[in-house]
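Since the structure comes first, as structure tokens, the remarks are kept for the end.
Per chain, numbering begins at 1; letters A, B, ... match sequence-line order. Note that these values count all heavy atoms, side chains included, but never hydrogens, waters or copies made by symmetry.
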Protein chains: 2
Amino acid sequence: MKSTSCSSCLLKSKAVINLGDNELDILDKSCVQATFDRGETIFKQGALSSNIIYLQTGLIKLMIKGPNRVQILRLKKAPCYLGLPTTMGDKINNYSASALEKSTACFIDMNTFKELLRINPAFSYEIIIELCKNELEQFKRCVTLVQNQIFGRLASNLISFADDIYSSHEYELPLNRNELADLVCTSRETISRILSDLTKERIIEANGKHIKIINYNMLKEISRKG
Amino acid sequence: MKSTSCSSCLLKSKAVINLGDNELDILDKSCVQATFDRGETIFKQGALSSNIIYLQTGLIKLMIKGPNRVQILRLKKAPCYLGLPTTMGDKINNYSASALEKSTACFIDMNTFKELLRINPAFSYEIIIELCKNELEQFKRCVTLVQNQIFGRLASNLISFADDIYSSHEYELPLNRNELADLVCTSRETISRILSDLTKERIIEANGKHIKIINYNMLKEISRKG
DNA sequence: AACTGTTTGTGATATGTATCACAATTATAT
DNA sequence: ATATAATTGTGATACATATCACAAACAGTT
């Protein structure tokens, strides 16, 4: 049940901002809103994909089950589109999404979305921009995962939590040790060892999920060198 | 110097096929064609990006200089767009492209490309589809790189050469050992050892750059298990 | 409050691959 | 044809991280 119509929604995407009243009406008629608690699945790998999902509020993880393990592809913070590639580039979800905190998402019918792409070039243009930025981000992440050793990989992610997600050098991790290991592509034991070492070296303070970055420059250096 | 006008080009992209005569004229006026020999750079990481590049014929590698090494992000076979994300998502090339064999590419002015996106929704739509498929492909590649051990990673790539690029179980690698190592993210010594082992086990025959796959199913199994 | 299940930390050991060194082979230049 | 440079293959060793085992701490349930 939608709390507000698309036209009076205060959390529109950059793409949707370009829509006229008529187009917002079209969107409103085939757009459903849902709230997810932490841990709930928004869409599942292997299932048919027929909606475009716009994450209005919250934080989610994209996960894929690979040959050897579950891997967290990336975390995504609202506002953003989820699963655009998997819905428009394929018919089956190539990966899953789950909420890491209470989140709200709008499910847009695929055909309506295509219609909006067709009738509003500015809408299309913003979708293209988002796809392009996502791919660049993904390339960067992949290079870090492949080239850096585990110290550098973990440091990069801790910094990303601080700079991109919480805008603070002190935060509560939204992941347990196993999930952090899935994000950084290592084992949970290795995560424990490194958080321990970083704490001993007074670069961070790690108390359970509570992280405080003490020596940001040193952490940055570690993330650069790998 | 263009050998033919855009309207009479027989190698149009799926996006360009949607353009009308008028739009093809617009494209023709700001599109320059170039031929590249093997080894030549098409665009360079760190340089300003102001063109959209359409690879008409040939095979290229996308490379990025990371914290520890050069990494080949992926190979791309014509026909396809190169560097869409890096031109539309940023102003600087995030990675480089070089020809692996004689190739031809069309350089399209950025503003003209944006104009075509604006005036032709079907054109935009095909660009969106290509971006989505690219991202899914990139996710798959990243998962393989991160989760598989080196045997599985090399097997995957040898199969990709056979199935996607040469459509043959026997082919001439377009890469030397060092470049193959960059593609698979390992060292050139490890590449030599594994090609040696695979040859000893009669799964492939490797003679210099000449590769012949003898036991496709076994190679497939190795690539799946990692 | 007690019990059970889950998560986390640490020690010990195994494994896969990088690195280094060097020689052999191949390609290129003269 | 010869010399030089680049590429490749192999052996030996080092190193980073996975895996296994187990205990301690924490969270959830009764």
Side-chain angles (χ1 to χ4, degrees), chain A residues 37-39 61 66-72 100 143-158 172-201 204-211 222-223 225-226, chain B residues 37-39 61 66-72 100 143-158 172-201 204-211 222-223 225-226:
Chain A
D37 286 323
R38 171 179 163 65
K61 64 182 178 182
N68 295 327
R69 64 183 297 165
V70 166
Q71 176 176 336
I72 293 181
L100 290 176
V143 167
T144 296
L145 281 177
V146 160
Q147 295 199 23
N148 282 3
Q149 288 183 340
I150 187 53
F151 248 91
R153 300 206 304 270
L154 185 54
S156 293
N157 279 269
L158 293 180
E172 208 78 8
L173 278 172
L175 306 165
N176 65 25
R177 294 300 190 254
N178 229 34
E179 288 167 321
L180 197 46
D182 290 341
L183 177 67
V184 181
C185 305
T186 189
S187 67
R188 63 162 191 83
E189 293 96 338
T190 302
I191 293 293
S192 286
R193 295 190 219 281
I194 297 184
L195 288 180
S196 232
D197 288 348
L198 289 173
T199 297
K200 285 200 189 86
E201 290 171 39
I204 66 168
E205 261 177 40
N207 286 307
K209 291 184 171 182
H210 194 84
I211 303 289
I222 293 172
S223 81
K225 283 177 170 171
Chain B
D37 286 323
R38 172 179 162 65
K61 63 182 177 181
N68 296 326
R69 63 184 296 166
V70 166
Q71 176 176 336
I72 293 180
L100 289 176
V143 167
T144 297
L145 282 178
V146 160
Q147 295 199 22
N148 282 3
Q149 289 183 339
I150 187 53
F151 246 91
R153 300 207 304 271
L154 185 55
S156 293
N157 278 270
L158 292 180
E172 208 79 7
L173 277 172
L175 306 166
N176 65 23
R177 294 300 189 254
N178 229 35
E179 288 168 319
L180 196 46
D182 290 342
L183 178 66
V184 181
C185 306
T186 189
S187 66
R188 64 161 191 84
E189 293 96 337
T190 302
I191 292 293
S192 286
R193 296 190 220 281
I194 298 184
L195 287 179
S196 232
D197 289 348
L198 288 173
T199 297
K200 284 200 189 86
E201 290 171 38
I204 66 168
E205 261 177 40
N207 287 306
K209 291 186 173 184
H210 194 83
I211 303 290
I222 294 172
S223 80
K225 282 176 169 170

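Remark: side-chain polar atoms of B:Arg38 are paired, donor with acceptor, to backbone N or O of B:Pro174 under 3.5 angstrom. Using modelled atom types, no side-chain atom of B:Arg153 and backbone atom of B:Leu183 make a donor-acceptor pair closer than 3.5 Å.
The footprint of chain B on DNA chain D, defined by a heavy-atom cutoff below 4.0 Å, extends from D:dT8 to D:dA12.
Under the side chain to side chain donor-acceptor pair (under 3.5 Å) criterion, A:Glu201 pairs with no residue, sequence neighbours left out. Residues forming a side chain to side chain donor-acceptor pair (under 3.5 Å) with B:Glu205 (at least two apart in sequence, or on another chain): none.
Atom CG in A:Asp197 sits about 12 Å away from atom P in C:dG9, given to the nearest Å. Between the CG atom of B:Leu145 and the P atom of C:dT17 there is a distance of 13 Å, rounded to whole Å. One atom, NE2 of B:His210, and another, C1' of C:dT26, lie 18 Å apart when rounded to the nearest Å. C:dG16 atom C1' lies 16 Å from atom CD1 of B:Ile222, rounded to whole Å. Rounded to an integer number of Å, the gap from B:Glu189 CD to C:dA18 P is 9 Å. Regarding A:Asn176, its CG atom lies at a distance of 14 Å from the C1' atom of C:dG5, rounded to whole Å. Taking atom CG of B:Asn178 as the reference point, atom P of C:dT26 lies 18 Å away to the nearest angstrom. Whole-Å rounding puts the B:Arg38 CZ to C:dA27 P distance at 13 Å.
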From CA spacing to verdict: side-chain contact (heavy atoms from CB on, under 4.5 Å), B:Leu195, B:Arg177: CA-CA 10 Å; B:Leu195 287 179; B:Arg177 294 300 189 254; 3.6 Å; yes
Steps toward side-chain contact (heavy atoms from CB on, under 4.5 Å) verdict (A:Leu154, A:Leu180): CA-CA 9 Å; A:Leu154 185 54; A:Leu180 197 46; 4.3 Å; yes
Worked verdict on A:Leu145 versus A:Gln71 for side-chain contact (heavy atoms from CB on, under 4.5 Å): CA-CA 12 Å; A:Leu145 281 177; A:Gln71 176 176 336; 4.3 Å; yes
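Side-chain contact between B:Ile222 and B:Leu198 is present, with at least one heavy-atom pair separated by less than 4.5 Å. Residues A:Val143 and B:Pro67 are in side-chain contact: their nearest non-hydrogen atoms beyond the backbone lie under 4.5 Å apart.
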Under 3.5 Å, N/O pairs linking protein and nucleotides 12-15 of chain C:
residue	atom	partner	partner atom	Å
C:dA12	N6	A:Arg193	NH2	3.2

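Atom OG of A:Ser187 is separated from atom CG of A:Asn178 by 9.5 Å, given to the nearest 0.5 angstrom. Here the straight-line distance linking atom CG of A:Leu158 with atom CD1 of A:Ile194 works out to 9.5 Å at 0.5 Å rounding. If you take CD1 on B:Ile72 and CG on B:Leu100, they are separated by 7.0 Å, rounding to the nearest 0.5 Å.
Within residues 181-188 of chain B, the residues approaching DNA chain D are B:Arg188, by heavy-atom distance under 4.0 Å.
At most 12 non-hydrogen atoms from other residues, nucleotides or ligands lie less than 6.0 angstrom from NZ of B:Lys225.
Two end axes, each from the C1' atoms of five base pairs, can be drawn for the helix from C:dA1-D:dT30 to C:dT30-D:dA1; they diverge by 50°, to 10 degrees.
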